There are 2 protein chains.
Amino acid sequence: MDEGLTIGQVSERTGLSVHALRYYEREGLMLGSVSRSHGGRRRYDATDVDWLLLCNRFRACGMPVSDIRRYAELVAAGPGNESERLELLRAHEDRVRAEVAQMQENLTVIAAKARLYEQHIAAGSAGTLWTGEAPSCLALEAMAARR
Amino acid sequence: MDEGLTIGQVSERTGLSVHALRYYEREGLMLGSVSRSHGGRRRYDATDVDWLLLCNRFRACGMPVSDIRRYAELVAAGPGNESERLELLRAHEDRVRAEVAQMQENLTVIAAKARLYEQHIAAGSAGTLWTGEAPSCLALEAMAARR
DNA sequence: GTAAGATCTAGAGTTCGCTCTAGGTCAAGG
DNA sequence: CCTTGACCTAGAGCGAACTCTAGATCTTAC
């Protein structure tokens, strides 16, 4: 009954599977190697959990495992490389901003299509009005249907 | 020299590789099978290209290939299933909205971290102020560095 | 006619991020 | 002491979405 959290407890707290936690460690994503109990089991501390929650954020916005490893290495190396860390964060920030913008643009197209289908369906079950005078956004489906 | 575009031309216009185009067809993502020239080569028309551009949007916001196939099947089946198409679009729309919201939240955390690193770096190269009084958002890195 | 280059098919291979298996070890309760 | 269940390592396997290979065929230009 040592100090610290077991891998199972950390799994619950982070939502990562125990397999994923071992994988993250193997891949060098932890800030140094996780400490072990007398019997050789992993014992995580609060910092480990916080770090893993941050990793979850990184992963959730598409940061590759290799970039997280790089960031972890910089942090583990201690003070003196803050500008490198910043560069990595900024690069990721930019990528995510671009991706969000892209997704929002695509979302408007998809939403527009959905709204048009709603109107079409609401306007009655007749397929008659549909083919031929479909607005540009549904012209594709209309044409395809005509084949 | 038949009508229509070759796979190479469509590749240029859509950004999809010729391999990906053949893969999409095999996977049932096209609205029916692409027509062929006398010699057995694919000939795409404008509708195919428009459809592929739409597929690109779908893919760019994370719609799985299997969902696109489903949507393609519905469109290819012709009028009468508009509410199913709508359901699929709406489900995807909701997922993307949630994902965008999540990404934006993560983005604020990452951006905050980046801003703090900027301040730290701007405040002079001293690592002294750093450890110990780091704001909450960088406490993790500070603690890790202290090990 | 012939050489080059685009395309064809079927199927194998790749990358990413886990996930699972096998065969043990360790810790706690009865 | 024995059982049960969480944990260990090393390494194989998996699903998604392509990507590439091999060997054949088609098209075009000279």
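Proteins get letters first, then strands, A, B, ... in listed order; numbering begins at 1 in each. Since we're looking at a predicted model, the values are computed, not measured.
When the ring-ring contact (aromatic ring centres under 6.0 Å, His included) test is applied to A/F58, the partners found at least two apart in sequence or on another chain are A/Y71.
Residue pairs meeting the salt bridge (Lys or Arg N to Asp or Glu O under 4.0 Å) criterion with at least one partner in residues 9-18 of chain A, sequence neighbours excluded, are absent. The stretch residues 55-66 of chain B participates, sequence neighbours left out, in these salt bridge (Lys or Arg N to Asp or Glu O under 4.0 Å) pairs: A/E105-B/R57.
In this structure, A/R90 does not pair ionically with A/E87, as no charged nitrogen and carboxylate oxygen lie closer than 4.0 Å. Residues B/D67 and B/R95 are paired through a salt bridge, judged by an N-O separation under 4.0 Å between the basic side chain and the carboxylate.
Phosphate proximity of C/dT9 to B/R42: present, with a side-chain N or O under 4.0 Å from OP1 or OP2. Contact check, B/R69 against D/dA17: no side-chain N or O comes under 4.0 Å of OP1 or OP2.
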Output side-chain donor-acceptor pairs under 3.5 Å for residues 97-104 of chain A, partner residues at least two apart or in another chain, one line each.
unit_1: A/R97; atom_1: NH2; unit_2: A/E93; atom_2: OE2; d: 2.7
unit_1: A/Q102; atom_1: NE2; unit_2: A/N106; atom_2: OD1; d: 3.3

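For C/dA27, the base has no donor-acceptor partner in the side chain of A/R41 [N/O atoms by modelled type, under 3.5 angstrom].
Atom C1' of nucleotide D/dA17 and atom CG of B/L29 are separated by 11 Å, given to the nearest angstrom. If you take CG of A/L21 and C1' of D/dA6, they are 14 Å apart, rounded to a whole angstrom. Taking atom NE2 of B/H38 as the reference point, atom P of C/dA6 lies 21 Å away to the nearest angstrom. In this structure, B/E25 places its CD atom 14 Å from P of C/dT7, rounding to the nearest Å. Counting to the nearest Å, the C1' atom of D/dA16 and the CZ atom of B/F58 are 19 Å from each other. Computed from coordinates, the B/R22 CZ to D/dT19 P distance equals 12 Å when rounded to whole Å. Atom CG of A/L5 and atom P of D/dC7 are 11 Å apart (whole Å).
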Could you go through the salt bridge (charged side-chain N to carboxylate O under 4.0 Å, His left out) check for B/E25 and B/R22 one step at a time?
-> CA-CA 5 Å; B/E25 188 179 353; B/R22 290 193 276 248; over 6 Å; no

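Note: the hydrophobic cluster containing B/Y117 does not contain A/V96 (ILVMFWY, side chain heavy atoms under 4.5 Å, direct or indirect links).
Here the closest non-hydrogen pair linking A/T14 and A/L21 is OG1-CD2, 4.4 Å.
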How does protein reach along nucleotides 13-19 of chain C, written 5' to 3' as B (base within reach of a heavy atom under 4.0 Å), S (only sugar-phosphate), or - (no contact)?
-> ----BBB

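If you check residues 97-104 of chain B against DNA chain D, you find no residue with a heavy atom closer than 4.0 Å.
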